[in-house]
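Written out below as structure tokens is the structure these notes cover.
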Amino acid sequence: METALFVAWFEECARLVRADRDRLTRLDAAIGDADHGTNLDRGFTEVLKALADSAPGSEAEVLTTAGATLIRRVGGASGPLYGSLFRQMGKALESPVTLAAFAAAFEEGVVAVERLGKAALGDKTMVDALAPASRALALAVRDGVGVRQALDQAARAAAEGSKATIPMQARKGRASYLGERSIGHEDPGAASATLIMAALAGVAG
Amino acid sequence: MKKLINSADSVVEDALNGMAAAHPSLRIRDQVVYRADGPRQGKVGLVSGGGSGHEPLHAGFVGYGMLDAACPGEVFTSPVPDQIIDATRAVDGGAGVLHIVKNYTGDVLNFEMAAELVEDVEVTSVLIDDDVAVQDSLYTAGRRGTGATLFVEKTAGALAERGAALNEVAAVAAEVNERSRSFGIALSSCTAPAAGKPTFDLPETDVELGIGIHGEPGRARVTMVSARELAGVAMEAVHSDLPLQGDLLVMVNGMGGTPLMELYVVFAEVAAFVKGKGARVARSLVGNYVTSLEMQGFSVTVCRLDDALTRLWDAPVETPALRWGR
């Protein structure tokens, strides 16, 4: 895994979020305030600008630049949460970037999201996609599978985790105000986290 | 969607340009609204903020006796830490800064990050969570902050204007929040410019009970009934959480799309309810103060006053949207 791949990851994130912007906003409209797609589109567009301007010299720098940009430009809850995910990953990422190093850094990033959002698995948040993806990466490292297959498994785990939020009652974020009425809707944060993992699997293939 | 905008992307910037042009008492820089005459040495600075779309909250409450700066985010999106950091540094007169934060995950996270990063200014935060429609338990994000925000900004602003210390200003802000409760009802949804269509579909025959201020659906949907019955639902919810007694400050707030005539219809019912409980409407406010774009509906916010708080409420204020006694 190398610097160019990480830059490509964010380019693909920006592309997938742009393509799915209206769906993310619709999911958010059902249980939140209808700005998730718009916010992430604006955020990842800014990330690409920041990466082009700063020409980061390492994988870790790509991640910390992306994280800081999301925090500074997105606002809402998704800015600080996704920003912390990438910034913490960048801080934790050891060189050379093997699959094991990436999986370990990703896990630290997810822990940072859980801590900041005070959310755990089952609260109907982005953690419900991120945590299964992290677990899939750890299992892939244990089983010694290749990078491409590992990232595919992580992307699938995120997608399944996101679908699993549909029957849940939200306990964090704005959707929690709806109580039982949040049941039956996919969480928009879990849906965007799925796109981010799909983007990584896509560029690694 | 038919809206008086140039484009969905520039709506906040364009609106702030308009505010700057209309109100010479304000100074606007990098999407932060300041008092043109600030900061004042030795005075505690008050900074609030949140998503745009709730006008006049917060930018309309920047001025003498209220806020020193407001940080408007994108529509229904909290501000970013950079805005809050800029505002905090700019309004510090050496006596520290109070952050007034509504309890929404995004607002809380961004204000927390900003407060952590501004190491050179003493910052205290007060969290507003007055909405009784939300069950306050371990299993939700906690009550939302809505109408009480205005009460807190006004009273804490008056105290800061008198030269009180940061801990005193923060204590009054927290006390007003403790003494205040709100409940909102929507007759229609609203359309965020970037989304382009109403956030939720609400049939002509129905209303949403227990809404927030972001066009999000409420706790329950029921058949439309009279203003008397709707006011009763809202006031029962408030009263069952914080019994109405003594002197009250009562606000009937429009959500942006309801005529003042209808808000007065509601206020009459609210006043009758208060009287029926043996309490007294000592101070009142009726109008659009904490809105949700063009949503039809109202919220009612009640604060149990004491003499000190009444004096702070009565103290002079001079802002674009709230002005008396000066």
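Sequence lines set the chain letters: A, B, ... in the order given, protein chains first and strands last, and positions in each chain run from 1.
Contact between A:G76 and B:S78 at its shortest, heavy atoms only, is N-OG, 2.7 Å. For the pair B:L109 and A:P80, the tightest heavy-atom approach, listed with the atom from each and the gap, is CB-CG, 3.9 Å. When every heavy atom of B:V80 is checked against every heavy atom of A:R73, the shortest pair comes out as CG1-C, 3.7 Å. Listed here is the closest heavy atom pair of A:I71 and B:N110: O-OD1, 4.4 Å. For the pair A:R72 and B:D82, the tightest heavy-atom approach, listed with the atom from each and the gap, is NE-OD2, 2.7 Å.
When each of B:G106, B:G51, B:P81 is scored by its heavy-atom pairs under 4.5 Å with chain A, the top score falls to B:G106. When the candidates A:A34, A:A77, A:G37, A:A170 are compared by the number of heavy-atom contacts under 4.5 Å with chain B, A:A77 comes out ahead. The candidate with the highest count of non-hydrogen atom pairs below 4.5 Å against chain A, out of B:P79, B:G210, B:A195, B:A220, is B:A220. When each of A:T25, A:D22, A:D35 is checked for heavy-atom pairs under 4.5 Å with chain B, A:D35 comes out on top. Contact count against chain B (heavy-atom pairs under 4.5 Å) is highest for A:L116 among A:L116, A:L81, A:D28, A:T38.
Using a distance-only test at 3.5 Å, with no hydrogens or angles considered, a donor-acceptor pair links the side chain of A:S176 to the main chain of B:A141.
Within a 6.0 Å radius of CZ in B:R89, other residues, nucleotides and ligands contribute more than 12 heavy atoms. More than 12 non-hydrogen atoms from other residues, nucleotides or ligands lie less than 6.0 angstrom from NZ of B:K3. Enclosure of atom CD in A:E107 is not indicated, since only 12 or fewer non-hydrogen atoms of other residues, nucleotides or ligands lie within 6.0 angstrom.
Only the side chain of A:R181 has a heavy atom closer than 4.5 Å to any heavy atom of chain B. If you measure heavy-atom distances from A:S84 to chain B, the contacts under 4.5 Å come from the side chain alone. Heavy-atom distances place no part of A:R21 under 4.5 Å from chain B, backbone and side chain included. With a 4.5 angstrom heavy-atom cutoff, A:A119 does not touch chain B via any of its atoms. For A:A175, no part sits under 4.5 Å from any heavy atom of chain B, backbone or side chain.
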